[in-house]
Amino acid sequence: MTTILKMSYKASTPKGTRDFGPIEMARRDYIFNTIRDSFKLYGYSPIETPAMENLSTLLGKYGEEGDRLLFKVLNSGEPFSKIAPEELEDSNALSLRVCEKGLRYDLTVPLARFVVQHRNNITFPFKRYQIQPVWRADRPQKGRYREFYQCDIDVIGSDSLLNELEMVQIAQEIFKKLGVAITIKINNRKVLVALSQYIGHPDKLIAITTAIDKIEKVGFNNAKSELVAAGISEEGVEMLRPILSLSGSNTQKIAFLKEILSSSTVGLEGVSELEELFNLIESAGVGESVEIDLSLARGLNYYTGAIFEVKAAQVEIGSICGGGRYDNLTGIFGLPGLSGVGISFGADRIYDVLLATNTFPPATNLSTQILFANMGGEGVQATLPLLSKLRSMDITVELFPNNDRLRKQFDYASKRAIPYIAFVGSREIEDGEISLKNLKTGSEIKLPIEELDSIKEKIELLNL
RNA sequence: GUGGUUGUAGCUCAGCAGGUUAGAGCGCUAGUUUGUGGCACUAGAGGUCGUGGGUUCGAAUCCCAUCAUCCACCCCA
């Protein structure tokens, strides 16, 4: 064993990926189950898509930055055998020659592909949920992994703002169940488009939105110099100042925007969408901690309407949930005219938040209820039928496989947080009973085998 | 992609104005008469000090490179 270890390479997972042990899995299941339960409650159905998509499906959907972060999969066989020497010089072009597939970067683009491909079998509006890992070739850091799970819901084929409302409701509900304090930020891409027109630089939308996004972090003046560097006039940037430092209630913000953008058709459209959405949110009574944030400018370039982002109030970890409306994502795959909205929950970051705030429920540690000590030969024989009986009663039991010293068996039980240990040895066999001991309190009782049906009540006694 | 941090036992780390056999705590293994654990005591296993060069009589310790790591930026979940 030791020699083998010495000879082998150091065991590790690839950069930015992790293993999940039993405790982590119990906690992750708790998160996934909570999220999934809410998704189902609102009528969403599950789908799954492959880990790999054709690279052509993925490329160009996430902006330049996103393309760079795609994990590409080398073709099998001998992909380089047909490559001419001069083709080796352009590494970008080369990677497209030798890689036809890529790992999915999110769940939204695969969904768009899925919808287009299966359009004839789908009933619209299509409400689906999807919980699967995604991969990004990012540099890992706190709260950022190269493999992480997204939990998505999307509605495809309905442009009603009721869908946006539903996203907000579900986010509120899930984080309430999980015990995470949040703020939900909402903006509208049309408003951002209108703002860029308003300051006279409709072509600089991307530069403007990314700079706007930074204002909170680096301050207005730094963002301003960045915008000026991007070729935007100083007067134009100054026009943004009152808008972005806008404070007050959501209704005040809306009123102000209406005035500023009164000459812009898209702008007014965006503002009235915001207004209508907030009216719906009020009617539904889920307006707590929901605010308009004009500095919210999600980077994924397929969003066209509402955009959302959820931040944990108590933990600094980036957004734990985000999404928005995209009017024409399926159009890229040849099926125009379908509007969709979606939101994605970042399970791994939510995990980190629950861990940091210590809000995992204690029950997530529990595995086996009763460990039967291995007392050797006849004890084991007498135990086997009891195990089946207890399992049929839906009690999680296991028998220690080796006839080790009891000290060791106790050790095993306490390390696995098994609350009860049972003995069936020669004494018990003689008296036709089992001994049952509570590891925590140390109290022990005898239970006649014919009364096994009442074991649950007997266990209650042990807890006193 | 840019900048910084740190790499010593399974884990957390100490050692570092260069000097004989590299340490601690926790964990692990065995034992303190194998039908009762968590405590305590005793003993033990386990490290080519991330890797490769260099400086030096001598390097875990200084220099360079490289890889890995974590953090920040970018971007995002």
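Note on naming: letters A, B, ... go to the chains in the order of the sequence lines (proteins, then strands), and numbering restarts at 1 for each one. As the structure is a prediction and not an experimental result, all values here were calculated from the model. Just so you know, these numbers use all the heavy atoms, side chains as well, and skip hydrogens, waters and symmetry mates.
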With rounding to whole Å, what would you report as the distance between [N] and [M] at their [atom1] atoms?
N      : M      : atom1 : answer
B:rG15 : B:rA22 : C1'   : 8 Å
B:rC39 : B:rC28 : P     : 10 Å
B:rA72 : B:rU48 : P     : 33 Å
B:rC64 : B:rU56 : C1'   : 16 Å
B:rC11 : B:rU69 : P     : 15 Å
B:rC41 : B:rG25 : P     : 11 Å
B:rG31 : B:rG23 : C1'   : 25 Å
B:rG4  : B:rA9  : P     : 27 Å

### Message
Suppose we call two aromatic rings close when their centres sit under 6.0 Å apart. Are A:Y351 and A:F148 close by that rule?
### Response
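They do not qualify: ring centres at least 6.0 Å apart.
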### Contact nearer the 5' end of RNA chain B, comparing A:F410 with A:E65
A:F410
### Message
Nearest heavy atom decides the nucleotide; on that basis, is A:K440 or A:Y145 closer to the 5' end of RNA chain B?
### Response
A:K440
Under the 3.5 Å rule, do the base of [N] and the side chain of [X] count as making a donor-acceptor pair?
X      : N      : answer
A:R349 : B:rC76 : yes
A:E428 : B:rG35 : yes
A:R139 : B:rU69 : no

Could you tell me whether the phosphate oxygens of [N], OP1 or OP2, come under 4.0 Å of any side-chain nitrogen or oxygen in [X]?
X      : N      : value
A:K142 : B:rC76 : no
A:Q141 : B:rA72 : yes
A:K408 : B:rA30 : yes

### Task
Please work out which of the three classes, parallel, tilted or perpendicular, describes the rings of A:F39 and A:Y44, given edges at 30° and 60°.
tilted
### Task
Check the angle between the aromatic planes of A:Y105 and A:Y62 and answer parallel, tilted or perpendicular using the 30° and 60° thresholds.
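Judged by the thresholds at 30° and 60°, the geometry between A:Y105 and A:Y62 is tilted.
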What's the [atom1]-[atom2] distance between [X] and [N], to the nearest Å?
X      : N      : atom1 : atom2 : answer
A:R136 : B:rC75 : CZ    : P     : 14 Å
A:R407 : B:rU32 : CZ    : C1'   : 8 Å
A:M375 : B:rU36 : CE    : P     : 9 Å
A:Q150 : B:rC76 : CD    : C1'   : 9 Å
A:E64  : B:rG1  : CD    : C1'   : 12 Å
A:Y420 : B:rG38 : OH    : C1'   : 17 Å
A:L69  : B:rC76 : CG    : C1'   : 9 Å
A:D138 : B:rU69 : CG    : P     : 14 Å

### Polar contact flag, side-chain donor to acceptor under 3.5 angstrom, A:Y303-A:N187
no
## Note on the structure
Hits for salt bridge (Lys or Arg N to Asp or Glu O under 4.0 Å) against A:E65, two or more places apart or cross-chain, chain-then-number order -> A:R68
### Query
What residues form a salt bridge (Lys or Arg N to Asp or Glu O under 4.0 Å) with A:D348, not counting sequence neighbours?
A:R18, A:R28
Give one of base, sugar-phosphate or nothing for [X], where a contact means two heavy atoms less than 4.0 Å apart.
X      : answer
A:K15  : sugar-phosphate
A:Q409 : nothing
A:I421 : nothing
A:G66  : nothing

### Task
Between B:rC28, B:rG1, B:rG37, spot the one nearest the side chain of A:R68, thanks.
B:rG1
#### Entry: Residue A:L406, side-chain atoms from C-beta onward, closest of B:rG27, B:rG37, B:rG35
B:rG35
### Task
Could you tell me whether A:D411 and A:K415 have a side-chain N and a carboxylate O separated by less than 4.0 Å?
yes
### Query
Going by an N to O cut-off under 4.0 Å, is there a salt bridge joining A:D138 and A:R146?
no
### Task
Please round to the nearest 0.5 Å and tell me the distance separating atom CZ of A:F32 and atom CG of A:D37.
13.0 Å
### Task
For RNA chain B, list all stems, counting runs of three or more consecutive pairs where every pair is Watson-Crick or G-U wobble with both distances under 3.5 Å.
B:1-4 with B:70-73, B:10-13 with B:23-26, B:28-32 with B:40-44, B:50-54 with B:62-66
